[in-house]
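Here the structure comes first, spelled out in structure tokens, and everything after it is commentary.
Convention: sequence-line order gives letters A, B, ...; per-chain numbering from 1.
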Amino acid sequence: MHTVVSAEGSGIGLRSVSDSGAPAGEQRVVEASGLAREVAADEATHVRWAWDDTNNWYPALLADGVRVDRAHDLRLAHAVLRASVLSARTALAEAGLTAWDRLAPVPPPGGPTAAALVRPDRHPGSEPLFDLGEVAAPTTSGRAAGNRRRPDAGPGSERRTDESDGYDQPGGRHDHGRDDEYLGAGDLDPAAELTAQLLAIKDSTGPGRLRLLLAAESAGALAAAEMHHAGLPWRGDIHDQILTDALGPRPRPGARPAKLEDLAHRIRAAIDAPPTLNPDSHPDLLRAMEYAGVGARSLRKWELEKLDHPVIAPLLEYKGLYRLYTANGWNWLDTWAPDGRFRMEYVVGGVVTGRWASTGGGALQLPHNVRRAVVADPGWTFVVADAAQLEPRVLAALARDERMAAAGRSKDGANTDMYAGIVATGAVDSREHAKVGMLGAMYGGTTGVSAQVLPRLARAFPQAIDLVERAARAGERGEKVTTRLGRSSPLPGESWAATQGSAFDEDAGADVQSRARSQTRSWGRFTRNFVVQGTAAEWALCWIASIRRRLWALGEIDTGSTPGLAPAPFDRRPHLVFFLHDEVVVHAPAAFAEAVAQEVRAAAEEAGRLLFGDFPVDFPLSVAVTESYADAKD
DNA sequence: TCCTATCGCGCG
DNA sequence: AAAGCGCGCGATAGGA
């Protein structure tokens, strides 16, 4: 049974919808301030909460200490069902675009991203887009401030829509924007949409796969909201020490840190440049280096490293420290972890393949050299787990390639390295060859060692290699490809097809043809990788969904003991604090560490079974119990 | 002045 | 163009 949650005037509507999509009973309307109590009471009935966007509702519940077990995120589900080939011949997919196709993800409340959206420059005398007082509930400041829809909301309101016109190049961010008429937020009827989605699942060619995918995607949205709520423990004092050791004391605004200033002098001296040369200006620096005869074509690190000149050493050091200073320096600390927690802002489903993206704070790019600042609370510890060689294992299982799966299977309980296993089959000579060969197969590498090794891999593991080759050819033909659970790739944009067509013109020049060919191959590499990366993302979603359920079931520390620094409902319980594609960090009371490690492993096994049934493929983890994230070597 | 493109590098 | 996939971000350059 689902309960659909929606805004009804100043109150909140709760309406039951059966698993077949039939409305069950009348809608109840409760006061906004009473929602948390209502939800907490209904949790015991194993209801699945359905709502337009998890970030519109769940943060306020968490703020009231209420955790929910299951949800159905209508925005995320709609996007999957709209695009999937499994649901292509359903009413939902065959209907024209609706307001649900135009929803942009709602940022988590209270963070810098939400603040930036709430603070648009208002001209004096212009009407505010929404009245904060009208919808504000005591505990829902973030939601009330920026993200609640109103019946009269229109273009330019808080319900922003994406404006991109689709895909011309692989690699664009996931969006569903089109430039037809905006239908208006008033058209969002969550109960009707849920009914339509459940019907689309039932009518699809893979209801079981889609049901699992949407459950996992929605569980991911819950987990992301919970991680934002709990935050990653962050020791600002340690971070500051790292910065001071590397850069010198924090400079006044506008000034370079002492170490960078010193290196800038040495760089100028080494190439006889004037004191006005700004090493942050690539064109100027490159020109000055050319004048000094350094012989650099660009300023890329790997290229500079090949050169022999006195400027290289200080320049490389400068670039490293500059990166630390600009990306994760004091400004970052002030903005993203001012109070002992880094509240990362994930964008669930933000990548076309189904991976998560993040916005602001660079949660998915946290450099290794600042991870020392991630320290567990007193009496608590981290359990850090990452899936070893996830993508090649996923490929083996996807292709049902028994030999490749066997190469990654653990023998007598030993934690195996799949690349070593591939070497052991005799297919290739070294672990390095196995690794670059597999990466090349999954990414579409055509040169160097990876291309040399590919034929050997194709001989040893024909089914796995054939799967990625077929995915590449489908993409080159402009077709969709689909992951294990039913997430389909986007189609290339109109200009892609136009370029393809123009290559067939009688008078097409060689340059046009070569551009078309290069574009074709590029899209093929995208679809080749899509099936693997996308299915790996599905494995990770199932993993994280299982972990959050299992952690909750572990219960809490004794009532006598001191709670941790995490906010309720996690102050006495192990909880997820970080997720990075194939890696999780759990923050747990020290006494729970071993139990958590065991559950994280069990969750990985469960994820493998959910995706691949009894196909004999292993997904081993490396698990570390540690006080500091930096001590978990990946 | 604002907006976008480019470079380069962090992560998986 | 490192060698192929997927991202976010900050600084500077350059066009409008």
Over how many whole Å does the gap from [X] atom [atom1] to [N] atom [atom2] extend?
X	N	atom1	atom2	result
E432(A)	dA2(C)	CD	P	18 Å
H368(A)	dC9(B)	NE2	P	17 Å
L315(A)	dG8(B)	CG	C1'	12 Å
Y443(A)	dC5(C)	OH	C1'	5 Å
F579(A)	dC11(B)	CZ	P	18 Å
I465(A)	dG4(C)	CD1	P	18 Å
L316(A)	dC9(B)	CG	P	9 Å
R297(A)	dA2(C)	CZ	C1'	10 Å

Phosphate OP1/OP2 of [N] contacted by [X] side-chain N/O (<4.0 Å):
X	N	result
H581(A)	dC5(C)	no
R355(A)	dG6(C)	no
K301(A)	dG10(B)	yes
K319(A)	dC9(B)	yes
R371(A)	dC11(B)	no

Need one value for [X]: base, sugar-phosphate or nothing, where a base atom within 4.0 Å counts as base even if backbone is also close, heavy atoms only.
X	answer
R323(A)	base
G440(A)	base
L299(A)	sugar-phosphate
R525(A)	sugar-phosphate
T446(A)	nothing

Interatomic distance at P, dA3(C) relative to dA5(B), whole Å: 28 Å
Nearest-Å distance once atom P is located in both dT4(B) and dG4(C):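 Looking at atom P only, dT4(B) and dG4(C) are 28 Å apart.
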Between W332(A) and F342(A), ring centroids under 6.0 Å: yes
To the closest 0.5 Å, what do you measure between CG (N328(A)) and NE2 (H239(A))? 6.0 Å
Who passes salt bridge (Lys or Arg N to Asp or Glu O under 4.0 Å) against D245(A), sequence neighbours left out?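 None.
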B/S/- contact track for nucleotides 10-16 of chain C, protein heavy atom under 4.0 Å: SSSS---
With stacking defined as ring centroids separated by under 5.5 Å and planes differing by under 30°, is W302(A) stacked against dA2(C)? yes
Lys/Arg N to Asp/Glu carboxylate O, [X] vs [Y], below 4.0 Å:
X	Y	value
R297(A)	E303(A)	yes
R250(A)	D334(A)	yes
K259(A)	D262(A)	no
D618(A)	R393(A)	no
R300(A)	E305(A)	no

Parallel, tilted or perpendicular: ring planes of F530(A) versus F526(A), cut at 30 and 60 degrees: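 If you compare the ring of F530(A) with that of F526(A), the planes turn out perpendicular.
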By the Watson-Crick or G-U definition, both distances under 3.5 Å, dG4(C) is matched with none
Between dC9(B), dG10(B), dG6(C), which nucleotide gets closest to the side-chain atoms of R300(A)?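 Of dC9(B), dG10(B), dG6(C), dC9(B) is nearest to the side chain of R300(A).
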Just compare dG12(B), dG10(B), dG4(C) and give me whichever is closest to any side-chain atom of S450(A).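 Nearest to the side chain of S450(A) among the choices is dG4(C).
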For dG4(C), measure the glycosidic angle (O4'-C1'-N9-C4 for a purine, O4'-C1'-N1-C2 for a pyrimidine) and name it syn if it falls within 90° of 0, otherwise anti.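 Syn, which is what one calls it when the glycosidic angle falls within 90° of 0.
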